[in-house]
Amino acid sequence: MNFFPKLIFSHFSRHFATLSKLPNNFTKIPSKYRPQAIRDAQQALTDYLHCTRYIPFVYAEHIAKNSFFSLSSLISGINFSTTSFNRNVLRFLRYHPINEYEFFFESIGIDYEEVGGLLPSKKFFFSEDETVLEAACALSGFGFPWNKLGKLYKEEILIFKASSKELKARLFKIKECGFSNIPVIGICLAFPYVLRGGGVNELGGEIVALLNDLKRVFLDFDLGNHVEDNVDAWYEICRKIRVFYDLGCEKGKIGELIGRNKNLFLQYPEEVLVSKIEYFSRFLVPKEDIGMLILRNPEILDSDLETPMISVMGMLKHFGLSVEKRDSVAKEYPYVLGRNKMTNLPNVMRALNLHEWLFDRIKNGNHQLLANYTLNNDEDLDKGFRDSFEKIQFSRTPVHTMEKLMFLHRVGFGENSLTMKVLAHVHGTGSELQERFDSLLGLGFEFSKLCRIVHMTPKVLNQHPETVERKVNFLCHEMGVSLDYLDIFPAFLCFNLEKRIKPRYRFHKWLTENGLCTRNYSIASIVATGEKSFIARLGRIHPDALNKWFENFSYKESDNSIQD
């Protein structure tokens, strides 16, 4: 079996995930000849761009060798020949000029599927506007890898509107900080805005502050001597540093802190760093605080914050919550107690409304308590939960039920019998329940209050998000009540909006406005009262109330289902 050469195959693999298939005509070329077809087409395109379009040979070659899908699409319409394919492609190009920007954008590392959205609307050739190519050539001449220039283009398009003179001046200003070409390239790829600049010899204040930090880190604290002398290594280390600025850490203020903890950037992969940031972000605290926590305590990256089991009450005690407050938690949030996984700790604390308290404890010198927490074998075991859990294993749909249970644990419900009662009343897959829960959060519900609502009225999660949103909008806008009312009457969200809520509320409003009802009935009394009791009440309010209700307000269809 024949395979593509390594370079072509790796290029193909890199793009294949984003394109379902190659052009049909290209796949008709016998597999053993495809490498030759690609090589011949690349050479023909290089010659065309260089000799016909007058692009310098080295850049023409970069474009031809890094535009696999554009090239495949081009040659799919050309008959393949083992002896004359190169000439066939050249002949085709003479009479069918290509959109040079399409090949260029793919060649600098932009995903082929994104290229169409970047093409100039009325430009086809570089000769119509050479600015983009000129900028790319200037950067490549400095040492930037051609197929990484797309990172700069996508993040800071203004770079490619600058002249080569301006770009060279900005690069020289960065070098003046004490960096050689390779570190400068790594810095620019991680922080493209450093090349945005102002005038020819200007660097903005934000850029100067960043470069001062990087100079402190790489030169004063000697981190630069621990980085391999290649672009990828410098780009990787700078990308890790950028994570902290993206969290909101102030440029010009954290250079020394980064330098004193340089092993953080040498020892830990970016994925570990990002996963810990995502974990602490779930405490809903300022992102800058998360960045400073990790910078000051890099050993926290060694902690396993995913797999260990915890006792909720044990964790509160471990972090120093008083006995009095723990007793209050037990009374107010019994459905959160019991065991859970460490990975769910942020949402457990949000369900208890203690997330800020716990993060403050972690941030203010107690981060080691996360690492040294241990759970005793028999601690906080709930027999009711265990019995119900065993029944799930032998149920008709154990996987489906376990997905729902995992959802409840994720949002803060513990291993206790109350959680199992909620589980029995929620319907849908785990992902559907999560979507509905998230949609309620998006409507403005506080996390802790929403968990209580789910505990009190699990069926709230059995409705489509759009259905609940309509009810919430009616409650807040037409009825003029805040979401806090649902703390008292969460079942409001379970009643049918069109058949029950709207007609009853609007009728009571009409009765009040016309002086026929002087008593101020609560929303719960208006909506939740059974049909017979509601009709009887209307008869007591006024003799003509019943006729008015049936003629103008009552839902006309048979109303056997008043709940959604």
Side-chain angles (χ1 to χ4, degrees), residues 243-244 247-249 254 257-258 260-261 263-265 267-269 271-382 409-416 419 447-448 451:
V243 167
F244 293 92
L247 288 172
C249 295
I254 60 171
L257 188 58
I258 293 174
R260 293 189 183 281
N261 293 284
N263 285 339
L264 185 160
F265 302 93
Q267 294 180 2
Y268 298 97
E271 294 75 16
V272 172
L273 180 59
V274 170
S275 69
K276 290 297 189 291
I277 290 170
E278 290 175 347
Y279 180 85
F280 288 111
S281 293
R282 287 189 273 135
F283 283 96
L284 288 192
V285 294
K287 290 185 178 181
E288 182 181 357
D289 289 349
I290 298 171
M292 297 306 289
L293 167 68
I294 295 174
L295 273 179
R296 289 171 177 154
N297 310 285
E299 64 275 13
I300 206 169
L301 297 179
D302 291 320
S303 301
D304 182 0
L305 302 180
E306 301 295 327
T307 56
M309 293 296 296
I310 63 168
S311 157
V312 174
M313 197 57 74
M315 183 64 77
L316 295 176
K317 180 180 179 181
H318 187 62
F319 271 88
L321 193 68
S322 68
V323 174
E324 181 181 354
K325 290 183 177 178
R326 294 203 304 273
D327 289 344
S328 176
V329 165
K331 292 177 182 177
E332 192 171 355
Y333 306 102
Y335 48 90
V336 182
L337 302 184
R339 292 186 171 193
N340 211 319
K341 277 190 173 183
M342 180 72 83
T343 188
N344 297 327
L345 179 62
N347 281 349
V348 168
M349 291 298 128
R350 289 177 69 188
L352 298 174
N353 205 21
L354 288 172
H355 51 291
E356 292 181 353
W357 168 81
L358 183 65
F359 185 80
D360 282 343
R361 295 283 294 162
I362 295 170
K363 181 181 69 173
N364 296 323
N366 296 286
H367 61 279
Q368 74 283 353
L369 292 177
L370 280 176
N372 62 30
Y373 171 82
T374 55
L375 177 69
N376 297 326
N377 290 335
D378 58 349
E379 183 181 356
D380 227 351
L381 288 172
D382 186 290
H409 288 329
R410 279 199 308 273
V411 298
F413 285 77
E415 292 186 356
N416 56 68
T419 295
F447 195 98
S448 179
C451 288

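Numbers here are sequence positions counted from 1. When reading the values below, keep in mind they use all heavy atoms of this one structure, side chains included, and skip hydrogens, waters and symmetry mates.
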Could you check whether any side-chain heavy atom of [X] comes within less than 4.5 Å of a side-chain heavy atom of [Y], counting everything from C-beta outward?
| X | Y | value |
| --- | --- | --- |
| Y279 | S303 | no |
| F447 | N353 | no |
| L369 | I362 | no |
| K317 | R326 | yes |
| W357 | F319 | yes |
| K276 | D302 | no |
| F359 | V285 | yes |
| E356 | F283 | no |

Shortest non-hydrogen contact from [X] to [Y]?
| X | Y | answer |
| --- | --- | --- |
| R350 | L284 | NH2-CD1, 3.1 Å |
| Q368 | G365 | OE1-O, 3.1 Å |
| L257 | N261 | O-ND2, 3.0 Å |
| D380 | V312 | OD2-N, 4.1 Å |
| L264 | I294 | CD1-O, 3.6 Å |
| S448 | L352 | OG-C, 4.3 Å |

Next item on the list: Please lay out, stage by stage, how F280 and I300 fare under the test side-chain contact (heavy atoms from CB on, under 4.5 Å).
Entry: CA-CA 11 Å; F280 288 111; I300 206 169; 3.5 Å; yes
Verify, without hydrogens or angle tests, whether [X] (side chain) and [Y] (backbone) share a donor-acceptor contact under 3.5 angstrom.
| X | Y | value |
| --- | --- | --- |
| N416 | Y335 | yes |
| R339 | E379 | yes |
| N340 | F413 | yes |
| S281 | I277 | yes |
| N344 | G412 | no |

Next item on the list: Mind telling me whether F244 and F265 have parallel, tilted or perpendicular rings, with 30° and 60° as the class edges?
Entry: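 The rings of F265 and F244 stand perpendicular, inter-plane angle above 60°.
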Check: For M313 and L337, what are the C-alpha separation, side-chain angles and deciding distance, and is it a side-chain contact (heavy atoms from CB on, under 4.5 Å)?
Finding: CA-CA 7 Å; M313 197 57 74; L337 302 184; 3.7 Å; yes
Rounded distance (nearest 0.5 Å) linking atom [atom1] of [X] with atom [atom2] of [Y]:
| X | Y | atom1 | atom2 | result |
| --- | --- | --- | --- | --- |
| E288 | I290 | CD | CD1 | 10.5 Å |
| M342 | T307 | CE | OG1 | 8.5 Å |
| L381 | S311 | CG | OG | 9.5 Å |
| M315 | L358 | CE | CG | 7.5 Å |
| L354 | D360 | CG | CG | 11.5 Å |
| D382 | T419 | CG | OG1 | 8.5 Å |

Checklist line | Passing candidate, side-chain hydrogen bond (donor to acceptor under 3.5 Å, both in side chains) with T343, options E306, R410, H409 | finding: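 Exactly one pass, corresponding to E306.
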Note to self: H355 vs N347, test: side-chain hydrogen bond (donor to acceptor under 3.5 Å, both in side chains). Steps then yes/no.
What the structure shows: CA-CA 8 Å; H355 51 291; N347 281 349; over 6 Å; no
Check: Got more than 12 heavy atoms from elsewhere within 6.0 Å of CZ, R296?
Finding: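 No.
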Margin query: Run K341 and I310 through side-chain contact (heavy atoms from CB on, under 4.5 Å) and show every step you take.
Written below: CA-CA 6 Å; K341 277 190 173 183; I310 63 168; over 6 Å; no
Notebook entry, point to check: After noting the C-alpha distance and the side-chain angles of L316 and M349, does the key distance pass the side-chain contact (heavy atoms from CB on, under 4.5 Å) rule?
Noted result: CA-CA 9 Å; L316 295 176; M349 291 298 128; 3.7 Å; yes
